[in-house]
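Notes for the one structure printed next.
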Protein chains: 2
Amino acid sequence: MHLSTRGHYGLLAMFDLAEHYGAGPIPLKTVAERQNISDNYLEQLIAVLRKAGLVRSVRGAQGGYILAREPGSITVGEIIRAMEGPIAPVECVSEVEPTECDQADFCITRLVWTKVRDKLAEVMDSISLGDMLRDAERLSAARKA
Amino acid sequence: MHLSTRGHYGLLAMFDLAEHYGAGPIPLKTVAERQNISDNYLEQLIAVLRKAGLVRSVRGAQGGYILAREPGSITVGEIIRAMEGPIAPVECVSEVEPTECDQADFCITRLVWTKVRDKLAEVMDSISLGDMLRDAERLSAARKA
DNA sequence: ACAAATTCCGAGCGGAATGCTAAGATATTT
DNA sequence: AAATATCTTAGCATTCCGCTCGGAATTTGT
């Protein structure tokens, strides 16, 4: 049950952009440095996020990346699906194009994986970048107190 | 968010043993054939389950494998942990020995992964092989009707 | 016009994990 | 003994992961 660094870094980068939402385009190098990720590598990852329509890019000097939508309307689930593909503990219960299996009708383990998948999707879809920003505020407030 | 075949096959094998619980030791070859898994490969996988104390083995002719406990007392979570290691979408929130991270205290994504991990564990721990047997009965009853 | 800053794109690559196969050693039953 | 199983280890092809690198294209500022 492991995520690859794609999803891990992808969420870090998106959250970083969320924290600076409204401040114009953020160069990738800045994000990479703040999140301690190789910027060469992050470049490839953000390309995926862009193609998925989750970030907008501005080329040239003073350019960078901006969230395509408000932080509150982008969920962790969307980001993870973009980076890691459809949610599916095993392929035969993939959210899209589950692989055929002639025993699917009476496969009990399949029921299990379906439940797992649904819970997974439920948690991830229920958390937005906006929620995370609020958590961050609460945390830093508690820290000061 | 993919399981390897280890967890997948592991659960299939355990469920097969559950379906024949009480009928004495089941040879691995039989399980492999019924579940359509390479028996050479399954041999390695079941060794892990045995070391985890989830199945007992009987060597020699007429030997095979038996669940170490009642189906109702063995959960999917146990099986998956045995086969795939501690549940953890990312390492820094692993159930055991989470890797150190100097930013752990104010890492918001970490909170997300913790929630994901907990939900994952919750579903898997809430389903036992006994539950699956009941589902199987219900399904075959519905099929006959 | 030119230089600097940036995104964009694709090639390549070492290492690790995955999913097996295979072969033999060991134990038990008949 | 012979047959039936588990047990153990080695190996191996393929794929994926997590990068690095080089350079082209685009925009801004001087």
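Given the structure is predicted, the values throughout are model-derived calculations rather than measurements. In what follows, chains are A, B, ... by sequence order, proteins preceding strands, each numbered from 1.
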- Query: OP1 or OP2 of D/dA5 sitting under 4.0 Å from any side-chain N/O of B/Ser57?
  - Reply: no
- Of the non-hydrogen atoms in A/Cys92 and A/Pro98, which two are nearest, and what is the gap between them? O-CB, 3.4 Å
- Query: Quick one: does A/Leu11's side chain get under 4.5 Å of A/Met132's, heavy atoms only?
  - Reply: yes
- Send over the distance from B/Lys29 NZ to D/dC7 P, rounded to a whole Å. 16 Å
- In whole Å, what is the span from the OH atom of A/Tyr9 to the P atom of D/dC17? 13 Å
- Item | Nearest-Å distance for atom pair CG/C1', residues B/Leu3 and C/dT18 | 13 Å
- Are A/His2 and B/Glu91 side-chain neighbours, meaning at least one heavy-atom pair lies under 4.5 Å? yes
- Round to a whole Å and report the spacing from CD of B/Glu84 to P of C/dA17. 14 Å
- Kindly give the heavy-atom pair with the smallest separation between A/Ser57 and A/Arg50, and that separation in Å. OG-CD, 3.5 Å
- Item | Ionic contact status for A/Asp131 with A/Arg134, cut-off 4.0 Å | yes
- Message: Between the side chains of A/Glu122 and A/Lys119, is the shortest nitrogen-to-carboxylate-oxygen separation below 4.0 Å, so that they form an ion pair?
- Response: yes
- Using five pairs at either end of the helix from C/dA1-D/dT30 to C/dT30-D/dA1, determine the angle between the two local helix axes and round it to 10 degrees. 10°
- For B/Leu12 and C/dG19, what is the distance between atoms CG and C1' respectively, to the nearest whole Å? 15 Å
- Query: Listed in order of residue number, which residues of residues 35-51 of chain A have a non-hydrogen atom at under 4.0 Å from DNA chain D?
  - Reply: A/Ser38, A/Asn40, A/Tyr41, A/Gln44
- N or O in side chain of A/Arg6 less than 4.0 angstrom from D/dC17 OP1/OP2: yes
- Note on the structure: In whole angstroms, the gap separating P of D/dA5 from CG of B/Leu17 amounts to 15 Å
- Message: Looking at C/dG19, I'd like to know if its phosphate oxygens (OP1 or OP2) sit under 4.0 Å from a side-chain N or O belonging to B/Thr5.
- Response: yes
- Item | Base of D/dT26 paired with side chain of A/Arg59 (donor-acceptor, under 3.5 Å) | no
- Item | Electrostatic pair A/Glu19-A/Arg34, nearest N-O below 4.0 angstrom | no
- Message: Could you check whether A/Arg138 pairs with A/Asp135 (Lys NZ or Arg NE/NH1/NH2 to Asp/Glu carboxylate O, under 4.0 Å)?
- Response: yes
- Calculate the interatomic distance between B/Tyr65 atom OH and C/dT28 atom C1'; express it in whole Å. 14 Å
- Item | Candidate nucleotides C/dT30, D/dC7, D/dT28, ranked by approach to the side chain of A/Ala61 - the nearest | D/dT28
- Is any side-chain heavy atom of B/Ile66 closer than 4.5 Å to a side-chain heavy atom of B/His20? no
- Task: Could you check how far CE of B/Met83 sits from C1' of C/dA17, rounded to whole Å?
- Result: 15 Å
